[in-house]
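A short worksheet on the structure shown next.
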Amino acid sequence: MNKGKIIILSAPSGTGKSTIIAELMKDADLNLGFSISATSRKPRGEERDGREYYFISQEEFKTRVDAGEFVEWEEVYPGTCYGTLASEVKRVTESGKNLIMDIDVKGGINVKSIYGSEALSIFILPPSLEQLETRLRGRGTDSEEKIAERLAKARYELSFADDYDVRVVNDNLAEAVAETKRIIKDFIDK
Ligand code: ADP
Ligand code: 5GP
């Protein structure tokens with residue numbers, strides 16, 4: 001069986017990346033397997049351990065970094081780490097599926113530099129910072145303090161959009177999903 005390719009999706013928090021990924025996962029033609037990251041943050045809303053993330057403590061995260069278990073990891077927010085486990089990349093790509101990764105901007109650029117032409121990096125842009133704030137509030141999962149932190153970070157993250165292979169604006173959700181599907185299909189059929 002062919003080894004799967006790697007699709008990297010990055011966007012400022014609240015842009016709609018998880019929503020878009022959920023739609024992409026339903027498309028059997030794309031043959032995607034989600035890379036479940038490890039994080040030291042607590043589950044939000046309906047999130048389940050081993051589905052959206054492997055939720056581990058900061059101590060366990062550090063131990064596993066020291067043991068060399070991560071392909072990449074970042075302290076995305078002060079005191080909160082996220083990382084891609086080598087075992088996840090292996091599990092998904094060796095099953096013949098294309099690995100889809102939801103990772104932060106620095107992680108995305110790192111992974112692209114590791115995997116080169118085997119990986120496609122996609123940056124999802126919000127229509128504007130005002131819209132981003134509305135979405136973060138509308139999601140109703142973050143405190144005011146977290147929303148302010150995420151917005152401040154968004155400004156910085158947006159400056160890396162041009163370092164990605166392609167950019168998609170998530171204004172109309174259905175259109176953004178369709179465009180992202182087209183881009184992924186072209187890449188995996190290459
Ligand atoms: P992310 O994974 O990028 O942090 P989410 O997928 O959780 O973002 O989306 C943030 C919020 O914005 C959610 O409440 C989601 O339903 C909403 N949302 C996503 N895409 C759109 C869109 N195109 N227009 C309006 N709201 C959207
Ligand atoms: P959230 O807390 O909203 O789920 O995610 C916060 C940020 O962490 C998002 O930008 C998300 O893409 C990023 N992230 C999730 N998993 C990983 C990972 O494995 N590595 C890196 N570098 N970032 C990640």
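One-based numbering, in listed order, for ligands and for the atoms of each. What you are looking at is a predicted structure, and each value in this text was computed from that prediction instead of being measured.
By the 4.5 Å heavy-atom criterion applied to side chains, F123 and P12 are counted as neighbours. Using a 4.5 Å heavy-atom threshold, the side chains of L24 and K181 count as touching. Side-chain atoms of F34 and D102, non-hydrogen and from C-beta on, do get closer than 4.5 Å to each other.
Closest protein heavy atom to atom 5 (O) of ligand 2: Y53 OH, 3.3 Å.
Looking at T15, D104, I103, it is D104 that brings a heavy atom closest to atom 22 (N) of ligand 2. With atom 8 (O) of ligand 2 as the reference point, the heavy atom nearest to it among Y82, Y54, F70 is part of Y82.
Atoms of ligand 2 lying under 4.0 Å from at least one heavy atom of E74, given by number and element, are 22 (N). Counting the atoms of ligand 2 from 1 in the order shown, those under 4.0 Å from a heavy atom of G107 are 22 (N). Counting atoms of ligand 2 from 1 in the listed order, those under 4.0 Å from a heavy atom of R41 are 1 (P), 2 (O), 4 (O). For ligand 2, the atoms sitting less than 4.0 Å from at least one non-hydrogen atom of D102 are 11 (C), 12 (O), 14 (N), 15 (C), 16 (N), 17 (C), 24 (C), numbered in the order shown with element in parentheses. For ligand 2, the atoms lying closer than 4.0 Å to a non-hydrogen atom of G83 are 18 (C), 19 (O), 20 (N).
Using bins of under 30°, 30° to 60° and over 60° for the plane-to-plane angle, the ring pair Y77/Y82 lands in the perpendicular bin.
At least one heavy atom of R150 sits less than 4.0 Å from an atom of ligand 2. The closest approach between S13 and ligand 1 falls below 4.0 Å for a heavy atom of the residue.
The N/O atoms of E72, backbone and side chain alike, include one that comes under 3.5 Å of an N/O atom in ligand 2. Taking any N or O of R139, backbone or side chain, none lies under 3.5 Å from an N or O belonging to ligand 2.
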